[in-house]
Amino acid sequence: MSKNTPKAIRGTQDIFGADAEAFAFVVETFERVRRLYRFRRIEMPVFEKTEVFARSLGETTDVVSKEMYSFEDRGGDSLTLRPEFTAGIARAYLTNGWQQHAPLKAATHGPLFRYERPQKGRYRQFHQIDAEIIGAAEPQADVELLAMADQLLKELGIEGVRLHLNTLGDGTSREAWRAALIDYFSAVKDQLSEDSQERLEKNPLRILDSKDGRDRPFLVDAPKIDDFLSDEARAFFKAVTDGLDAAGVKWVRAEALVRGLDYYRHTAFEFIPDEGSAAADALGAQSTVLGGGRYDGLMESLGGPATPAVGWAAGIERLAMLVGEIAEPAVDAAVIPLGESALGNAMALLNRLRREHISAEIFASGKIKKRMSRANESGALAALIIGEDEISSGKVQFKTLATGEQKLLDPAVVPLRVLDLKMERDMENVADLFADFEDDMAVIDPEGRYT
RNA sequence: GCGAUCGUAGCUCAGUUGGUUAGAGCGCCGGUUUGUGGUACCGGAGGUCGGGGAUUCGAGCUCCCUCGGUCGCCCCA
């Protein structure tokens with residue numbers, strides 16, 4: 001690489017091959033699941049006026065105070081690359097009059113930007129999938145959203161990740177609890193870690209999930225949100241947990257779970273890998289894979305009418321790390337022209353195949369042996385060879401790569417023969433599935449239970 | 001913003017107390033083999049040792065600065 005070649009921006013990634021397939025798999029699975037739950041697709045601008053984020057997330061949060069990519073445009077407006085989805089979606093809801101669609105179930109995905117120190121599972125440009133229900137006050141909305149998250153993780157094949165659930169109560173519950181925490185921790189302030197002393201000023205709730213050993217002794221007896229919940233808030237949380245139980249979504253209560261952004265009320269949740277699990281190992285210090293909650297106060301902070309809403313977001317990179325590498329799909333047919341004169345026929349055959357929805361690649365450079373070798377590595381079922389002899393006879397050599405069998409065929413029947421091979425391969429896969437199924441059946445006891 | 005650690009070929013890495021022309025494996029290209037996948041053997045291309053400065057007769061190796069990667073803290077998806 002030359003010294004003159006510009007480098008990529010710190011914390012950005014160029015994703016390729018199996019990693020890119022894993023990324024795409026996460027997005028495709030999300031799109032599929034989101035349709036099952038009837039969430040409507042929305043597209044959002046990547047930047048907004050800075051105030052959209054500053055007002056909704058809270059001026060004192062780390063995200064707003066030191067992590068935003070903000071700049072002045074040529075017209076002098078302060079703009080910001082979105083550090084999260086929710087605030088922009090709320091703004092769009094208000095400015096487009098989407099109240100008419102309420103309750104609106106919306107889903108989107110794309111890049112977000114945060115000026116942070118990059119580390120495992122954390123980037124300056126990162127990507128999230130996002131789901132929101134806006135204009136729904138009932139706990140059923142929380143349940144539906146969480147059921148979707150749970151199903152998504154299952155469909156991605158991710159294991160060892162559990163729903164941690166908490167309630168922050170309504171506005172007044174939350175404020176009373178917060179005040180009690182400040183009282184409690186202020187009394188022992190000089191014994192707390194430096195970080196927690198600072199949190200006492202900025203975000204006292206955060207002390208509860210401190211990792212510092214000096215804070216630990218005080219956490220056990222700290223005021224609990226449950227003691228400050230209003231009857232309504234308590235009933236709301238019970239409705240959510242009852243709904244989750246009914247929907248078969250497993251959860252654990254996490255009393256210390258708080259969310260960093262100011263707008264959260266009531267339900268707060270994170271999907272976190274179990275300690276010691278492979279998932280926890282893969283994610284390093286970035287434990288949360290999907291997080292969100294209810295944000296009933298957000299719309300008002302943007303000057304809109306009081307509008308209840310719930311939502312979550314999940315990091316695509318983090319999910320992709322748990323999904324592992326996914327092989328790039330093999331090509332079905334490889335077309336190999338021998339010499340310049342065969343190029344025309346080769347292109348014609350290539351087009352014929354692709355129009356029949358058969359994936360095909362042409363190998364037209366290098367030695368013949370090299371081309372065959374490449375065709376073989378590509379995973380193609382058949383190599384279609386066209387040289388002088390084939391041009392004059394108007395046929396192509398159809399070589400089944402698995403067996404080495406080769407015969408002269410009319411180009412018109414080539415797509416069908418490739419489809420035959422595909423079907424054979426698929427049948428073998430189905431046979432394997434049946435074999436696995438029979439193995440599973442063998443461990444079912446006479447009463448029909450898995451053992 | 002703080003701390004630790006690492007930057008040598010396209011990739012993974014070796015390189016002794018500072019000493020001649022910086023190496024290996026894989027990959028790539030060619031040959032043994034003129035239109036057929038594997039293996040083996042032979043040959044070739046590919047490096048301003050992240051960048052800049054300092055010390056020295058001499059720096060991939062020591063020192064300083066800087067950029068970047070990785071991993072933690074903070075924070076967060």
In whole angstrom, what separates [X]'s [atom1] from [N]'s [atom2]?
{"X": "A:Phe269", "N": "B:C76", "atom1": "CZ", "atom2": "C1'", "value": "15 Å"}
{"X": "A:Glu377", "N": "B:G37", "atom1": "CD", "atom2": "C1'", "value": "9 Å"}
{"X": "A:Trp312", "N": "B:A77", "atom1": "CH2", "atom2": "P", "value": "13 Å"}
{"X": "A:Asn376", "N": "B:G37", "atom1": "CG", "atom2": "C1'", "value": "5 Å"}
{"X": "A:Lys370", "N": "B:G30", "atom1": "NZ", "atom2": "P", "value": "7 Å"}
{"X": "A:Arg318", "N": "B:C76", "atom1": "CZ", "atom2": "C1'", "value": "6 Å"}
{"X": "A:Leu290", "N": "B:C76", "atom1": "CG", "atom2": "P", "value": "16 Å"}

Between [N] and [M], how far apart are the two [atom1] atoms, rounded to whole Å?
{"N": "B:A59", "M": "B:U16", "atom1": "P", "answer": "16 Å"}
{"N": "B:G60", "M": "B:U20", "atom1": "P", "answer": "10 Å"}
{"N": "B:G52", "M": "B:G43", "atom1": "P", "answer": "36 Å"}
{"N": "B:A14", "M": "B:U56", "atom1": "P", "answer": "31 Å"}
{"N": "B:U33", "M": "B:U17", "atom1": "P", "answer": "48 Å"}
{"N": "B:U32", "M": "B:U70", "atom1": "P", "answer": "46 Å"}
{"N": "B:C11", "M": "B:G69", "atom1": "P", "answer": "15 Å"}
{"N": "B:G19", "M": "B:G15", "atom1": "C1'", "answer": "14 Å"}

Does [X] reach a base, just sugar-phosphate, or nothing at all? Heavy atoms under 4.0 Å.
{"X": "A:Gly292", "answer": "nothing"}
{"X": "A:Gln13", "answer": "nothing"}
{"X": "A:Ile368", "answer": "sugar-phosphate"}
{"X": "A:Asp389", "answer": "base"}
{"X": "A:Glu270", "answer": "nothing"}

Checklist entry - Taking atom types as modelled and ignoring hydrogens, do the side chains of A:Asp183 and A:Ser186 form a donor-acceptor contact shorter than 3.5 angstrom? => result no
Item to check | Donor on one side chain, acceptor on other, A:Thr288 and A:Glu270, under 3.5 Å | outcome: yes
Checklist entry - When you check the gap from the basic side-chain N to the acidic O, do A:Arg253 and A:Asp226 get nearer than 4.0 Å? => result yes
Item to check | Under 4.0 Å protein heavy-atom contact, by nucleotide of nucleotides 68-74 of chain B - B base, S sugar-phosphate only | outcome: SS-SBBB
Item to check | Closest to the A:Lys367 side chain, choosing from B:G37, B:G35, B:G31 | outcome: B:G31
Item to check | Intermediate values then yes/no, salt bridge (charged side-chain N to carboxylate O under 4.0 Å, His left out), A:Glu194 and A:Arg214 | outcome: CA-CA 10 Å; A:Glu194 296 79 18; A:Arg214 287 169 290 174; 3.3 Å; yes
Item to check | A:Asn376 vs A:Ser373, side chain to side chain donor-acceptor pair (under 3.5 Å): CA-CA, chis, key distance, verdict | outcome: CA-CA 5 Å; A:Asn376 195 44; A:Ser373 169; over 6 Å; no
Checklist entry - Hey, are the side chains of A:Phe113 and A:Phe47 touching, using non-hydrogen atoms and a 4.5 Å cut-off? => result no
Checklist entry - Side chains of A:Leu244 and A:Leu163: closer than 4.5 Å at any heavy-atom pair? => result yes
Checklist entry - Can you tell me if the side-chain N/O atoms of A:Ser373 get under 4.0 Å from OP1 or OP2 in B:U36? => result no
Next on the checklist: Less than 4.0 angstrom between a side-chain N/O of A:Lys399 and OP1 or OP2 of B:U36, yes or no?
Outcome noted: no
Checklist entry - OH of A:Tyr37: more than 12 outside heavy atoms within 6.0 angstrom? => result yes
